[in-house]
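The block underneath contains the structure these notes are about, expressed in structure tokens.
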Amino acid sequence: MKNFQDEKQRDLSINKSDGTNKFLTTDQGVRINDDNNSLKAGERGPSLLEDFILREKITHFDHERIPERVVHARGSGAHGFFEVTNPIPELTKAGFLQETGQKTPVFARFSTVAGSRGSTDLARDVRGFAVKFYTQEGVYDLVGNNIPVFFIQDASKFPDLVHAVKPEPHNEMPQAASAHDTFWDFISLMPESMHMIMWTMSDRAIPRSYRMMEGFGVHTFRLINEANESTFVKFHWKPKLGTHAVVWDEAQKISGKNPDFHREDLWQAIEMGNFPEWELGVQIIPSEDEDKYEFDLLDPTKIVPEELVPVTIIGKMTLNKNPDNFFAETEQIAFHPGHVVPGIDFSNDPLLQGRLFSYTDTQLTRLGGPNFHEIPINRSIAPVHNNQRDGFMRQEVNKGRVSYHPNSLGGGCPYQAQIAEGGFSSFNERIEAHKIRERSESFADHFGQAKLFFNSQTDVEKSHIVKALRFELGKVETTAIRVRMLGLLSQVDAQLAEKVALGLGASVPSTLEFPVNKGVSPENEGGNQEPKTVESSVSSSDALSMVKNPTNSPTIESRKIAILCSDGVSEASVLNMKSALKKQGAKGCVIAPHLGSVLTDSDGALAAEYSFLTASSVLFDAVYVPHGIGLNALAENDDALEYLNDAYKHCKIIGADGEASELLSATAFASKLTKTDAGIIVTTDVGSEAFAQEFIAAMGMHRFWDREPNLYI
């Protein structure tokens with residue numbers, strides 16, 4: 001009996017092991033010496049297929065959740081086309097980039113990363129930005145994000161990153177949020193993440209719309225021309241409408257009012273004919289300049305500042321058709337950075353190298369097997385002929401007896417294409433190296449570009465980063481994690497660390513300390529070297545600031561303006577403003593205490609598109625109060641006042657026509673109003689065109705940030 005009980009207890013202890021005081025092992029029990037680096041041919045060489053530790057780890061990770069995507073589960077997409085405006089045949093032989101005016105069908109999908117399919121659109125998170133080009137040479141997928149760098153340098157750490165940011169496994173909370181202990185525990189031990197942290201704590205992580213965010217290919221790729229010459233390339237998507245964001249309080253309220261805010265915004269814009277547009281730009285780095293900069297082109301935690309290599313625009317993407325069926329198209333589309341066409345190739349970026357394995361592996365589980373390419377949304381428009389057969393969900397009906405190569409019974413068909421016939425050939429890069437699990441010394445700078453990003457922000461944007469870090473770290477319960485993060489922040493900017501520490505009631509540590517894993521030398525914890533700072537040759541970059549970003553545009557096209565009305569409203573005041581907004585491509589929406597009709601001062605009626613209960617100020621870009629005799633009713637309506645109070649708090653533009661200016665005295669911000677607030681537009685000239693134009697011009701600024709108390713001064 002004693003032996004039986006001992007054996008039973010032993011089984012339970014194995015099944016419930018939490019890893020305390022245990023060696024890290026593979027699923028087969030083999031102890032792992034290095035969990036931070038994939039096996040590569042040289043410290044800057046490509047990852048090797050024989051790396052069974054990497055393959056086992058990523059394979060398990062890819063199959064952990066079904067049927068939704070493990071990451072990027074929450075998203076929305078649309079059909080459209082890409083048109084070449086500046087062909088680059090001297091750089092690439094890719095057929096779809098050869099001629100001006102050449103058009104290629106596309107499908108684009110935008111997404112959050114961490115949350116489930118049912119989470120909110122407005123989580124503070126990275127946004128996926130993936131585009132599938134249906135070219136005549138086959139499918140090309142440009143799979144990126146709205147942030148040009150990533151948290152980690154090696155694909156081996158991706159499962160760890162996502163495990164850390166996902167809801168904590170013991171209680172499955174919080175959903176779609178990074179403000180919890182496990183995420184910041186991981187980040188505080190991975191100083192290579194600090195550049196990405198600056199981006200995700202900025203307003204880039206809470207965009208106003210998918211249509212108003214940049215996209216990036218993240219990695220360095222290669223372009224190959226007809227002469228088989230290679231150049232390095234970084235891809236950029238620049239939105240026509242400029243880059244804009246919401247503020248954090250607004251994002252949280254939108255999540256409660258309309259968690260589908262971004263998805264609905266994209267859908268409605270296309271349905272109304274406001275087709276979203278992005279320009280595609282490239283940064284071209286000659287092969288001989290690979291080692292020219294203070295950063296490594298293969299390091300996915302680094303950008304190439306536009307001051308060093310300008311972005312050249314080569315084309316434009318327009319999204320002009322919504323999906324007919326969300327599941328069949330948006331949910332079943334399968335992107336893969338390994339889907340390339342002749343003329344586009346890979347670099348040895350170790351994060352990219354791991355993604356080239358991971359994406360196909362993921363689709364096998366999520367879409368039921370190896371035939372996911374036959375789902376209509378994934379099908380190539382180029383003819384597909386190969387010897388792949390059978391498997392789950394097979395659609396193709398192959399004729400004949402031959403399914404192998406070489407063969408004689410099928411006349412040798414399908415046969416291999418020569419390079420001159422469009423056959424894909426990988427760039428002939430010379431590699432002579434030892435098999436090692438190490439990281440290049442050129443990857444050791446973890447703070448230089450984090451400093452560059454922070455120094456490039458306006459004071460308003462710096463203030464938002466401070467608030468974001470106070471919020472995120474304020475949710476962390478473990479004091480040691482907060483302290484480690486303050487230490488890392490001090491390496492980015494001393495004042496930033498002090499400002500965050502003040503909000504946490506903590507002190508910035510004087511030294512950086514990282515625990516050391518057993519069996520791993522101190523310099524290998526969190527990477528191969530001690531984290532360091534390499535000062536950027538660029539002190540500040542306007543392209544990194546949303547406020548200063550040259551893609552910002554004064555247009556108010558597709559913006560939505562709340563027009564607060566009640567019975568007795570001036571019909572002319574409303575219609576004149578709606579007309580002026582429509583001419584600029586914006587839409588004025590009548591909001592009233594109830595749905596149905598609002599009686600006007602001329603015995604007419606206006607249709608109320610929303611009531612105060614079915615919409616909210618946070619769902620609109622500005623608020624306008626027209627002239628009217630029913631303002632007393634609005635002054636006594638808490639929901640109406642909430643529109644104005646929230647709009648003021650979120651630095652939005654507020655317009656008041658005629659007697660409507662008196663309504664402002666009933667708001668919570670009445671005592672704060674000053675003549676210097678350029679975001680409050682009032683007039684006594686009822687319904688005047690000049691007033692409408694002044695209101696529209698103010699909206700072109702997006703926000704009036706001077707209302708905010710500046711934490712960074």
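- The pair Glu708-Arg703 does not count as a salt bridge, with every side-chain nitrogen at least 4.0 angstrom from each carboxylate oxygen.
- Note that CG of Asp639 is 9.5 Å distant from OG of Ser616, once rounded to the nearest 0.5 Å.
- With rounding to the nearest 0.5 angstrom, the CE atom of Met190 is 11.5 Å from the CZ atom of Phe151.
- Between the side chain of Glu168 and the backbone N or O of Thr182 there is at least one donor-acceptor pair closer than 3.5 Å.
- Residues forming a ring pair (Phe, Tyr, Trp, His ring centres under 6.0 Å) with Tyr210 (at least two apart in sequence, or on another chain): Phe110, His262.
- Using a cutoff of 4.0 Å between basic side-chain nitrogens and carboxylate oxygens, Glu250 and Lys652 are scored as salt-bridged.
- Salt bridge annotation for Arg74-Asp125: absent, with no cationic side-chain nitrogen under 4.0 angstrom from a carboxylate oxygen.
- In this structure, Lys166 contributes its side chain and Ala114 its backbone to a donor-acceptor pair below 3.5 Å.
- Between the side chain of Thr478 and the backbone N or O of Ala480, no donor-acceptor pair lies under 3.5 Å.
- Not counting sequence neighbours, His373 has no partner by the side chain to side chain donor-acceptor pair (under 3.5 Å) test.
- The two atoms that bring Met213 and Phe129 nearest to each other are O-CE1, 4.0 Å, heavy atoms only.
- No donor-acceptor pair closer than 3.5 Å links the side chain of Gln332 to the backbone N or O of Leu367.
- Looking only at side-chain heavy atoms (C-beta outward), Ser111 and Arg127 stay at 4.5 Å or farther from each other.
- Side chain of His464 to backbone of Ser202: no donor-acceptor contact under 3.5 angstrom is found.
- Using a 4.5 Å cut-off on side-chain heavy atoms (C-beta onward), Trp199 and Pro148 make contact.
- Side-chain contact of Glu461 with Thr458: a donor-acceptor pair under 3.5 Å is present, judged by distance alone.
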Trace of the side-chain hydrogen bond (donor to acceptor under 3.5 Å, both in side chains) decision for Arg263 with Ser76
CA-CA 6 Å; Arg263 305 209 297 182; Ser76 189; 5.4 Å; no

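- Contact detail for Ser456 and Ser545: the closest heavy-atom pair is O-CB, 3.4 Å.
- Among residues at least two apart or in separate chains, there is no salt bridge (charged side-chain N to carboxylate O under 4.0 Å, His left out) pair with a member in residues 349-363.
- Without hydrogens or angle criteria, His180 side chain to Val165 main chain gives a donor-acceptor distance under 3.5 Å.
- Residues forming a side chain to side chain donor-acceptor pair (under 3.5 Å) with Thr533 (at least two apart in sequence, or on another chain): none.
- Looking at Ser617, its side chain does come within 3.5 Å of a backbone N or O of Tyr643 through a donor-acceptor pair.
- The shortest side-chain heavy-atom distance between Met201 and Met196 does not fall under the 4.5 Å cut-off.
- Under the ring pair (Phe, Tyr, Trp, His ring centres under 6.0 Å) criterion, His72 pairs with no residue at all, not counting sequence neighbours.
- Note on Glu192 versus Arg439: salt bridge recorded, some NZ/NE/NH1/NH2 to OD/OE distance being below 4.0 Å.
- Residues Asn146 and Arg204 approach most closely at ND2-O, 3.0 Å, considering heavy atoms.
- The aromatic ring centres of Phe150 and Phe216 sit 6.0 Å or more apart.
- Minimum heavy-atom separation, Leu161 to Phe183: CD1-CE1, 4.2 Å.
- Partners of Asp638 under the side-chain contact (heavy atoms from CB on, under 4.5 Å) rule, at least two apart in sequence or in another chain, do not exist in this structure.
- Proximity of Phe158 to Ser358: side-chain heavy atoms (C-beta onward) are nowhere separated by under 4.5 Å.
- Residues satisfying the side chain to side chain donor-acceptor pair (under 3.5 Å) criterion with Lys451, sequence neighbours excluded, are absent altogether.
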Evaluate the criterion side chain to side chain contact (heavy atoms under 4.5 Å, CB included) for residue pair Val508 and Glu498; output intermediate values, then yes/no.
CA-CA 7 Å; Val508 179; Glu498 291 292 345; 3.8 Å; yes

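- In this structure, Arg482 has no salt bridge (Lys or Arg N to Asp or Glu O under 4.0 Å) partners at least two apart in sequence or on a different chain.
- Between Arg366 and Asp62, no side-chain nitrogen of the basic residue sits less than 4.0 Å from a carboxylate oxygen of the acidic one, so the salt-bridge criterion is not met.
- Between Thr301 and Phe443, the closest side-chain pair of non-hydrogen atoms is not below 4.5 Å.
- Side chain of Thr330 to main chain of Phe327: no donor-acceptor pair is present (N/O by atom type, distance under 3.5 Å, no hydrogens or angles).
- Pairing each heavy atom of Lys462 with each of Phe454, the nearest pair is CE-O, 3.2 Å.
- At a threshold of 4.5 Å between non-hydrogen side-chain atoms, the residues Asn378 and Phe107 do not count as touching.
- At a threshold of 4.5 Å between non-hydrogen side-chain atoms, the residues Gln153 and Leu298 do not count as touching.
- For Asp249, the salt bridge (Lys or Arg N to Asp or Glu O under 4.0 Å) criterion is met by Lys253, Lys649, not counting sequence neighbours.
- Note that CG of Leu473 and CD1 of Ile187 are 11.0 Å apart. Values are rounded to the nearest 0.5 Å.
- With respect to Lys132 and Asp141, a salt bridge is recorded, a charged nitrogen being found less than 4.0 Å from a carboxylate O.
- Using a 4.5 Å heavy-atom threshold, the side chains of Trp184 and Leu469 count as touching.
- In terms of the salt bridge (Lys or Arg N to Asp or Glu O under 4.0 Å) criterion, residue partners of Arg707 (sequence neighbours excluded) are, by chain and number, Asp677.
- Annotation for Asp181 and Val476: closest pair OD1-CA, 3.3 Å, computed over non-hydrogen atoms.
- For the salt bridge (Lys or Arg N to Asp or Glu O under 4.0 Å) test, residues two or more places apart in sequence or in another chain that qualify with Lys40 are Asp154.
- The residues Glu331 and Arg117 are annotated as salt-bridged, a charged nitrogen and a carboxylate oxygen being separated by less than 4.0 angstrom.
- Checking side-chain atoms of Lys57 against main-chain N and O of Ser156 turns up a donor-acceptor pair under 3.5 Å.
- By the 4.0 Å N-to-carboxylate-O rule, Asp265 lies too far from Lys560 to be salt-bridged with it.
- With hydrogens and angles ignored, the 3.5 Å screen pairs a side-chain donor or acceptor of Asn258 with a backbone N or O of Asp260.
- Going from atom CZ of Arg437 over to atom CG of Asn33 covers 8.5 Å, rounded to the nearest 0.5 Å.
- With sequence neighbours excluded, the residues forming a side chain to side chain donor-acceptor pair (under 3.5 Å) with Thr614 are Ser611, listed by chain and number.
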Could you go through the side chain to side chain contact (heavy atoms under 4.5 Å, CB included) check for Tyr359 and Val143 one step at a time?
CA-CA 11 Å; Tyr359 277 64; Val143 193; 4.1 Å; yes

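- How far OG1 of Thr200 is from CZ of Arg124: 7.5 Å, rounded to the nearest 0.5 Å.
- Remark: Asp299 CG to Gln449 CD distance equals 8.0 Å, nearest 0.5 Å.
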